[in-house]
Each structure stands twice: as structure tokens, then as C-alpha cells.
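Contents: one structure, followed by commentary.
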Amino acid sequence: MIDSLRKLYRYYHHLGLQAMKQIPDEHLFEQPNEVSNSISLIVKHLHGNMLSRWTDFLHSDGEKEWRQRDDEFEDTFTTREEVNTAYAKGWQCVFDAIDPLTDEDLSRIVYIRNEGHTVLEAIHRQLGHYAYHIGQIVYLARMWKGNDWESLSIPKGASKAFNARKFEAQKEQKHFTDGLMKDE
């Protein structure tokens, strides 16, 4: 169980990275309208959430007293380097917390805002949250990139060829992400 979850976290980390790599710096900070977040703001929020949830994961509440969630939506990043650093630091905190876990840890209880969760429930809660925001990053990057977008999955019009390759291969049991993240 835990190995599959680790792979999913790495998959969403990878999707966000690949999306952000495709756009020029200025699009990291561009908002599609006044009430929507830019990619840099989404990254800033992910960073704050990840540090809060995963620092001392098994032993302290996931909503740390030092977290300033409202500040995560104030645009203070001005360079790609700041965005990339926050993204890397947040994800490293996640990986440092989940990599040592074993399947036996999944039934332990952790707290988020004083609400008890099994470790498995907390991992799923955060996976859903991160997938939601990574989807936003991918959508915005794709919107800014336009027709030059390089698909992060099966490109439009390529499903038949993709499936043909899959069904030509021998059946095997593996995680769908195996082999997807070769460039990291």
C-alpha cells in the first residue's frame, strides 16, 4: 500500500514540474482573472501546506502554529527560482515524511486541526488536495502554452496508437507510473 502511495505522490510532483517547465517565467505569475490564483500562488500554498502537514508528521498536529495560511495567497514570489525552490522544499518535506513509513504505520493516528486520522486517511487527504492543485497548475500552464503544449499524458488523437502498443506487450503487474518519470 505505502509503496503505491509514494509513487502517486511522486507522479503528481512530476506533473507539476513538467507543466511549469513548459511556460515562460512571466506566466508563472499571471492570473487568468482577479479572483483566480497564479501558478506561483498555488505553489506558495502547496509549500505552506506541505511544510505544515508533513513536518514532524507522526508526532504533532498537521496544522502547525507557525503556519500563516492566509499569507500563502499573497503574491510575494518574483522569480522562477523562488517558485522552484518552494516547490522543491515542499515536496522534499512530503517525501522525507512518507519514505520511512511502512504499511504497519498506516493505522496509527495523526491529527490535523485536532481531528484524528489514520495515517492512511491523512495520506489520502493530502494526496487529493495536492492532485487538485497540481491539476490547476497543469491547466493554467496548458492554457498559457496554447497549441505548443506538450502533453503530459496521452496526446489528443493518439489513444488508439497508445492502446495498441499497450495491448501488443505481454501482461505484467506494475504501477502505471513505472517508467514515466525518467528525466528526474
Side-chain angles (χ1 to χ4, degrees), residues 5-57 60-98 110-115 117 121-156 177 180-181 183-184:
L5 290 164
R6 282 186 198 106
K7 288 179 180 185
L8 284 171
Y9 273 86
R10 282 181 168 72
Y11 172 69
Y12 285 107
H13 168 259
H14 172 79
L15 286 179
L17 272 181
Q18 295 309 307
M20 289 188 289
K21 284 180 181 178
Q22 290 194 45
I23 59 172
D25 292 0
E26 63 269 13
H27 289 311
L28 290 172
F29 309 97
E30 195 168 346
Q31 294 175 247
N33 57 53
E34 289 179 19
V35 296
S36 295
N37 292 320
S38 64
I39 290 173
S40 69
L41 281 174
I42 296 167
V43 168
K44 189 175 178 188
H45 169 59
L46 282 169
H47 171 260
N49 177 279
M50 290 170 167
L51 294 183
S52 183
R53 294 292 185 267
W54 298 101
T55 298
D56 197 29
F57 173 61
S60 65
D61 196 282
E63 187 66 15
K64 305 295 186 282
E65 291 181 18
W66 44 258
R67 183 180 184 200
Q68 299 296 317
R69 185 182 181 281
D70 291 337
D71 292 348
E72 294 166 13
F73 298 97
E74 297 296 324
D75 208 357
T76 57
F77 294 158
T78 58
T79 67
R80 179 179 290 271
E81 183 179 354
E82 289 174 301
V83 173
N84 289 345
T85 298
Y87 193 80
K89 186 176 178 184
W91 280 105
Q92 191 59 57
C93 188
V94 173
F95 299 142
D96 288 347
I98 64 172
V110 294
Y111 292 88
I112 301 172
R113 295 188 183 106
N114 239 13
E115 296 175 350
H117 298 64
E121 290 168 337
I123 288 171
H124 279 125
R125 174 180 174 161
Q126 293 313 117
L127 182 62
H129 184 220
Y130 302 155
Y132 169 80
H133 287 306
I134 295 301
Q136 292 173 326
I137 290 171
V138 171
Y139 181 81
L140 287 169
R142 184 175 182 165
M143 181 179 70
W144 299 133
K145 188 72 172 179
N147 292 334
D148 294 329
W149 176 255
E150 293 179 32
S151 179
L152 302 178
S153 62
I154 304 167
K156 275 186 179 180
T177 64
L180 286 180
M181 299 167 277
D183 59 339
E184 292 175 28

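On a predicted model such as this, the values are computed, not experimentally measured, just so you know. Just so it is clear, the values below take in all heavy atoms, side chains as well, and ignore hydrogens, waters and symmetry mates. The chain is numbered in sequence order, starting from 1.
Listed by chain and number, the residues in a side-chain hydrogen bond (donor to acceptor under 3.5 Å, both in side chains) with Ser52 amount to none (sequence neighbours excluded). In this structure Asp61 satisfies the side-chain hydrogen bond (donor to acceptor under 3.5 Å, both in side chains) test with no other residue, sequence neighbours excluded. Listed by chain and residue number, nothing satisfies the side-chain contact (heavy atoms from CB on, under 4.5 Å) test with Asp70 (two or more places apart in sequence, or in another chain). Legend: residues meeting salt bridge (charged side-chain N to carboxylate O under 4.0 Å, His left out) with Arg125, ordered by chain and number and at least two apart, are absent. Taking the ring pair (Phe, Tyr, Trp, His ring centres under 6.0 Å) definition, one finds that Phe57 meets it with Trp54, sequence neighbours left out. Shown here are the side-chain hydrogen bond (donor to acceptor under 3.5 Å, both in side chains) partners of Asn114, two or more places apart in sequence or in another chain: there are none. Applying the salt bridge (charged side-chain N to carboxylate O under 4.0 Å, His left out) criterion to Glu63, with sequence neighbours excluded, gives Arg53, Arg67, Arg113. Residues passing the side-chain contact (heavy atoms from CB on, under 4.5 Å) test with Ile154, sequence neighbours excluded: Ala158, Ser159, Phe162.
Side-chain atoms of Tyr9 do not come within 3.5 Å of backbone N or O of Tyr130 as any donor-acceptor pair. Checked by atom type and distance alone, the side chain of Ser36 never pairs as donor or acceptor with a backbone atom of Pro32 at under 3.5 Å.
Remark: Tyr12 OH is loosely packed, at most 12 non-hydrogen atoms of other residues, nucleotides or ligands lying under 6.0 Å away. Tyr111 OH: 12 or fewer foreign heavy atoms inside a 6.0 Å radius.
Residue pairs meeting the side-chain hydrogen bond (donor to acceptor under 3.5 Å, both in side chains) criterion with at least one partner in residues 79-97, sequence neighbours excluded, are Asp25-Arg80, Thr78-Glu82, Thr79-Glu82, Tyr87-Trp91, Gln92-Asp96. A salt bridge (Lys or Arg N to Asp or Glu O under 4.0 Å) check over residues 42-52, counting only residues at least two apart or in different chains, returns nothing.
Between Ser38 and Leu41, some side-chain heavy-atom pair lies under the 4.5 Å cut-off. Using a 4.5 Å heavy-atom threshold, the side chains of Gln126 and Ile112 count as touching.
Distance check, rounded to the nearest 0.5 Å: CZ of Phe73 to CD1 of Ile42 gives 9.0 Å. The CD1 atom of Ile39 sits 9.0 Å away from atom NE2 of His27, with the distance rounded to the nearest 0.5 Å. Put simply, OG on Ser153 and CD on Gln18 are 12.5 Å apart, with the number rounded to the nearest 0.5 Å. Rounding to the nearest 0.5 angstrom, the gap separating the CD atom in Gln31 from the CG atom in Asp75 is 6.5 Å.
For the 3.5 Å distance criterion, the side chains of Glu121 and His124 fail to qualify, holding no donor opposite an acceptor. Looking only at atom types and distance, the side chain of Glu72 has no donor-acceptor partner in the side chain of Asn49 under 3.5 Å away.
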Could you walk me through whether Met20 and Val83 pass the side chain to side chain contact (heavy atoms under 4.5 Å, CB included) test, one step at a time?
CA-CA 10 Å; Met20 289 188 289; Val83 173; 4.1 Å; yes
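Taking each heavy atom of Leu51 and Cys93 in turn, the nearest pair found is CD2-CB, 3.8 Å.
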Throw together a table of side-chain donor-acceptor distances under 3.5 angstrom for residues 134-148, partners on residues two or more places apart or in other chains.
| residue | atom | partner | partner atom | Å |
| --- | --- | --- | --- | --- |
| Gln136 | OE1 | His133 | ND1 | 2.6 |
| Lys145 | NZ | Gln22 | O | 3.0 |

